[in-house]
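Everything below concerns the one structure shown next.
Note that the structure is a prediction, hence the values are computed from the model and not measured.
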Amino acid sequence: MMEDKGEKNGVAAMAACYQKFDPAAYLQYNYTPPRADFTRKDSIVPWKLACLHRALTEGDVSGELLVDIGSGPTLYQVMSGCEVFKKLILTDFLEVNRQELRRWLQDEGKCSLDWTPYLEHVCKLEGRRSSAWPEKAAKLRQVVADILPIDVHCSQPLAPDALPSAGADCLVSCFCLESVSPDMPAFTRALGNIQKLLRPGGHLLLIGALGESYYFGGPGVRIPVVPLDEAQVCSSLKESGYTLIRLEVYTLSQDMRVGVDDVTGVFFAKAKRD
């Protein structure tokens, strides 16, 4: 019982940290150059986009429904997926992030970040001209079926009728679980909770921070993170009922360390639900 109470308090403390989260500031910190410099091969965002593109075009990932777990205010992580799946569901714990996503989907022109360079880059990865980005944007808007609240710390993270009974064919989750969990056991439990949303044999594409203990979610909003290493990622996936297909690691160069966090690397994991 004591452990349960401590765990609940830890999760509640994390939720409280996020009440001051500022989507516009977060996007500025992480999704502009140097971290999103599409002229550089060694920039972090192009690396993430390449990992996702490759994982989705190897021929083993398919189906009707992709669910993005903890989208935050970002869309880059589903730009390749909208070509593979007929339906995408975006999710986030925070209403401010869901609002940011809705603004882009409704094409109101009030977004905190211009996603055009991202769309152009993914078009190039797909062997198209970058000028095809408006078609890609239209496709993404058409394929996103919903933006839903989620709580990865609940044994049922989404509302009961949110997904078909068979579950999703694929889950994507980027920088969510380690940055909303108070400790390593909570991270592993969250991986197990989202696993229930995935059909047996379905895929998980997981991107996360390595060696990170905090990041800024807005001016002066310091959010604690579970510092992960590669071995912990692998063991948590195994414990949560996934078989790891591939793990790739990006190490941040000095100029990618821009003072908004203490991250040392980023991992990309492609895994399958047992």
Side-chain angles (χ1 to χ4, degrees), residues 11 14 18 21 26 30-31 44-45 47-49 51-56 61 63 65-82 84-85 88-94 97-98 101 144 146-158 162-163 167-181 184 186-199 202-210 212 215 223 225-226 228 230 232-234 236-250 263 265-273:
V11 167
M14 285 303 305
Y18 275 91
F21 186 84
Y26 172 78
N30 294 287
Y31 294 99
I44 176 64
V45 167
W47 180 85
K48 291 188 286 186
L49 290 171
C51 286
L52 289 162
H53 167 73
R54 191 160 57 249
L56 286 162
V61 179
L65 176 63
L66 170 71
V67 179
D68 182 27
I69 305 292
S71 307
T74 67
L75 288 154
Y76 71 91
Q77 66 278 15
V78 291
M79 286 178 183
S80 290
C82 75
V84 180
F85 295 91
L88 301 185
I89 292 176
L90 306 178
T91 69
D92 202 71
F93 181 69
L94 294 177
N97 284 337
R98 299 196 298 270
L101 297 172
V144 174
D146 221 336
I147 301 169
L148 300 176
I150 191 168
D151 186 344
V152 296
H153 299 301
C154 290
S155 60
Q156 195 169 5
L158 289 171
L163 301 186
D169 299 293
C170 182
L171 302 180
V172 171
S173 188
C174 301
F175 303 104
C176 169
L177 306 184
E178 72 279 10
S179 54
V180 299
S181 297
M184 197 64 217
F187 170 82
T188 305
R189 273 192 302 274
L191 259 180
N193 290 339
I194 67 168
Q195 189 252 33
K196 297 169 197 165
L197 304 173
L198 190 59
R199 67 166 172 81
H203 288 83
L204 169 68
L205 307 179
L206 185 69
I207 292 178
L210 292 169
E212 183 176 46
Y215 78 97
I223 296 176
V225 179
V226 179
L228 300 173
E230 292 162 63
Q232 287 172 315
V233 173
C234 294
S236 287
L237 282 165
K238 192 173 180 185
E239 196 182 321
S240 308
Y242 301 93
T243 298
L244 182 64
I245 297 168
R246 181 168 71 248
L247 185 79
E248 296 177 59
V249 170
Y250 171 99
V263 64
V266 175
F267 71 86
F268 171 81
K270 181 177 183 176
K272 199 171 182 178
R273 181 180 164 178

State, to 0.1 Å, how close [X] and [Y] come at their nearest heavy-atom pair, and which atoms those are.
X	Y	result
Leu197	Leu163	O-CD1, 3.7 Å
Val45	Asn30	CG2-O, 4.1 Å
Lys270	Ala55	NZ-O, 3.0 Å
Thr91	Gly70	OG1-N, 3.0 Å
Leu237	Ala271	CD2-CB, 4.5 Å
Leu198	His203	CD1-O, 3.5 Å

Minimum side-chain heavy-atom gap [X]-[Y] below 4.5 Å:
X	Y	result
Gln195	Tyr242	yes
Glu248	Arg54	yes
Ser240	Thr188	yes
Leu101	Val144	no
Asp68	Leu88	no
Val263	Val225	no
Leu210	Tyr250	no
Ile207	Leu205	no

Separation of [Y] [atom2] from [X] [atom1] (nearest 0.5 Å):
X	Y	atom1	atom2	value
Leu244	Ser236	CG	OG	11.5 Å
Leu94	Ile150	CG	CD1	12.0 Å
Lys196	Cys154	NZ	SG	9.5 Å
Leu191	Cys176	CG	SG	10.0 Å
Arg199	Cys170	CZ	SG	9.0 Å
Asp151	Gln156	CG	CD	11.5 Å

Just by modelled atom types, is the [Y] backbone N or O under 3.5 Å from a matching donor or acceptor in the [X] side chain?
X	Y	result
Ser80	Gln77	no
Asp146	Ile89	no
Asp169	Gly202	no
Arg98	Asp92	yes

- Item | With Tyr76, the ring-ring contact (aromatic ring centres under 6.0 Å, His included) member among Tyr31, Phe175, Trp47 |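 Only one of Tyr31, Phe175, Trp47 forms a ring-ring contact (aromatic ring centres under 6.0 Å, His included) with Tyr76, namely Tyr31.
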
- Go through the steps to decide whether Ser179 and Tyr18 satisfy the test side-chain contact (heavy atoms from CB on, under 4.5 Å), and finish with yes or no. CA-CA 10 Å; Ser179 54; Tyr18 275 91; 3.6 Å; yes

- How about Lys272: does its NZ atom have over 12 heavy atoms from other parts shown lying under 6.0 Å from it?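 No, because the 6.0 Å sphere around NZ of Lys272 holds 12 heavy atoms or fewer from other groups.
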
- How are the rings of Tyr215 and Phe21 set relative to one another: parallel (under 30°), tilted (30 to 60°) or perpendicular (over 60°)?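 Because their plane-to-plane angle is over 60°, the rings of Tyr215 and Phe21 count as perpendicular.
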
- Item | Intermediate values then yes/no, side-chain contact (heavy atoms from CB on, under 4.5 Å), Arg189 and Val152 | CA-CA 9 Å; Arg189 273 192 302 274; Val152 296; over 6 Å; no

